[in-house]
2 protein chains.
Amino acid sequence: MSQENLKSILKSHELRITDCRLDVMQFFLNEKGALSQGDLENQFTQYDRVTLYRTLNSFLDSGILHKIPNETGTATYGLCHDTCSPDHHEHNHIHFKCNSCGQIECLDEKVVPKVTVPTGYKIDGVNMIVDGICATCA
Amino acid sequence: MSQENLKSILKSHELRITDCRLDVMQFFLNEKGALSQGDLENQFTQYDRVTLYRTLNSFLDSGILHKIPNETGTATYGLCHDTCSPDHHEHNHIHFKCNSCGQIECLDEKVVPKVTVPTGYKIDGVNMIVDGICATCA
DNA sequence: TTATAAATGCAAGTGAGTTGCATAAACTAT
DNA sequence: ATAGTTTATGCAACTCACTTGCATTTATAA
Ligand SMILES: [Mn+2]
Ligand SMILES: [Mn+2]
Ligand SMILES: [Zn+2]
Ligand SMILES: [Zn+2]
């Protein structure tokens, strides 16, 4: 994606344009899988780990990224759809974690099925993590 | 549950009977929600945190507990069904996380719906976490 | 260009999770 | 019941991701 496109994405989310943010966003757009803080630290040694941490947080808050829960404890992040905003996140797709290569990816085209909860409960969101073997590792 | 019942559960999983394991198992049986290592540390100050940590792990390995992933990073654990064994875990129920009180619970009667993944992918397991407001907090 | 607000880097702290090892306790076999 | 064997426990110490404070630098607006 062009540098100008990247800048307009940041602007539309009311974020200042900085080298770190441009690089991190480009990285997310290039990678098909979800990324962790550690992935960013390995990729961008020129930036302080705290800066990368805060970059992830600002992207989370502004609706550019969403956090993907998993059992290992280290958070991973994936790009949000255009429909996401700081106020309203729409993440109704399935996440897949490969037990061989460890990669987590957003299956954007796979919609999370509707579910019901017991009487008196109210649903805000649903997160579905499927684990198994990805096509590359099969 | 009686002390004898608790002991037989441990024995059937080939675990030695210790005070810590009996207490922790009783705690899980009493609590309706899932518990974290921190919850155990608060409840049982007489046991070292490492002992509680290893108690959770031995219960995990032997199929007494299952780990419930969530976005906060701190792992929580819930009781397995009778059908679970060290070799084969069967956790096809939905987990609910209340955004008000923070409690995570197993909705044992709510079965995770079947899903499909792209061609070439293989499914090992599915984890579904619904978040919202529980009946108590509503 | 200057003023203001925000982002960055560095240092330092938190808290869960983990391991090694000596001691204590649970089980097994006399 | 006792002695021998195996396992669990407590303590110290470590890793690692995550988080905060503060001084400095940079981006943006006036
Ligand atoms: Mn996703
Ligand atoms: Mn459960
Ligand atoms: Zn893979
Ligand atoms: Zn609640």
Side-chain angles (χ1 to χ4, degrees), chain A residues 3-4 6-27 34-62 64-77 86 102 104, chain B residues 3-4 6-27 34-62 64-77 86 102 104:
Chain A
Q3 196 80 347
E4 279 314 308
L6 292 176
K7 289 185 180 177
S8 70
I9 293 177
L10 289 177
K11 274 184 181 160
S12 69
H13 288 88
E14 297 182 338
L15 291 174
R16 291 195 176 185
I17 293 158
T18 66
D19 290 346
C20 183
R21 284 173 178 166
L22 290 172
D23 285 344
V24 168
M25 179 165 300
Q26 181 70 69
F27 191 39
L35 297 171
S36 67
Q37 156 111 24
D39 292 332
L40 297 185
E41 291 178 19
N42 292 334
Q43 182 72 14
F44 301 112
T45 52
Q46 69 268 35
Y47 301 121
D48 191 84
R49 37 196 297 288
V50 178
T51 301
L52 294 168
Y53 164 75
R54 289 195 259 233
T55 299
L56 283 174
N57 271 15
S58 67
F59 283 7
L60 265 186
D61 292 343
S62 54
I64 295 174
L65 293 178
H66 62 284
K67 195 187 257 191
I68 306 170
N70 74 92
E71 71 281 3
T72 69
T74 58
T76 55
Y77 304 85
I104 296 171
Chain B
Q3 195 80 347
E4 280 313 307
L6 292 176
K7 289 184 181 179
S8 70
I9 293 176
L10 289 177
K11 275 185 181 161
S12 69
H13 288 88
E14 299 182 334
L15 290 174
R16 290 195 176 184
I17 293 157
T18 67
D19 289 346
C20 183
R21 286 174 177 165
L22 289 171
D23 285 344
V24 168
M25 179 165 298
Q26 182 70 69
F27 192 39
L35 298 171
S36 67
Q37 156 110 25
D39 292 331
L40 297 185
E41 290 178 20
N42 292 335
Q43 181 73 14
F44 302 112
T45 51
Q46 70 268 36
Y47 301 120
D48 191 85
R49 42 191 299 282
V50 179
T51 301
L52 294 168
Y53 164 75
R54 289 196 259 235
T55 299
L56 283 174
N57 270 13
S58 67
F59 283 6
L60 264 187
D61 292 343
S62 54
I64 294 174
L65 293 178
H66 62 284
K67 194 187 259 191
I68 306 170
N70 75 92
E71 71 282 3
T72 70
T74 59
T76 55
Y77 304 85
I104 296 172

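Letters A, B, ... mirror the listed sequences (proteins, then strands); counts begin at 1.
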For nucleotides 23-30 of chain C, give me one character per nucleotide, 5' to 3': B if any protein heavy atom sits under 4.0 Å from the base, S if the only such contacts are to the sugar-phosphate, - if neither. ---BS---
Generate the contact string for nucleotides 11-16 of chain C. Rules: B means base contact, S means sugar-phosphate contact only, - means no protein heavy atom under 4.0 Å. BB---S
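A donor-acceptor pair is defined here as one N or O able to donate and one able to accept, closer than 3.5 Å; no such pair exists between the side chain of B:Glu71 and the backbone of A:Ala75. Under a 3.5 Å cut-off, the side chain of A:Arg21 and the backbone N or O of A:Arg16 do form a donor-acceptor pair.
Separating the CG atom of A:Leu40 from the P atom of C:dG9 is a distance of 14 Å, rounded to the nearest angstrom. Between the P atom of C:dA6 and the CG atom of A:Asn57 lies a distance of 17 Å, rounded to the nearest Å. When rounded to the nearest whole Å, the span between CD of A:Gln46 and P of C:dC10 equals 13 Å. Atoms OH (A:Tyr47) and P (C:dC10) sit 14 Å apart, rounded to a whole Å. As a whole-Å value, the separation of B:Leu22 CG from D:dA8 C1' is 13 Å. Here the C1' atom of nucleotide D:dA8 and the CG atom of B:Leu56 are 15 Å apart, to the nearest Å.
Taking a 6.0 Å sphere around CD of B:Glu14, one finds it holds 12 or fewer heavy atoms contributed by other residues, nucleotides or ligands.
In this model, the phosphate group of C:dA7 is not approached by any side-chain N or O of A:Thr51 to a distance below 4.0 Å at OP1 or OP2.
Defined by atom type and a distance below 3.5 Å, a donor-acceptor pair is present between the side-chain atoms of B:Asp39 and B:Ser36.
For the atom pair B:Glu41 CD and B:Leu52 CG, the distance stands at 6.5 Å (nearest 0.5 Å).
The heavy-atom pair separating A:Met25 from A:Leu10 by the smallest distance is CE-CD2, 3.7 Å. Nearest heavy atoms, A:Leu65 versus A:Leu60: O-CD2, 3.4 Å. Here the closest non-hydrogen pair linking A:Asp23 and A:Phe44 is O-CZ, 3.4 Å.
Positionally, the nearest nucleotide of DNA chain D for B:Leu52 lies more toward the 5' end than for the other of B:Leu52 and A:Tyr53.
Contact annotation: the side chain of B:Thr18 never approaches that of B:Thr51 to less than 4.5 Å [non-hydrogen atoms, C-beta and beyond].
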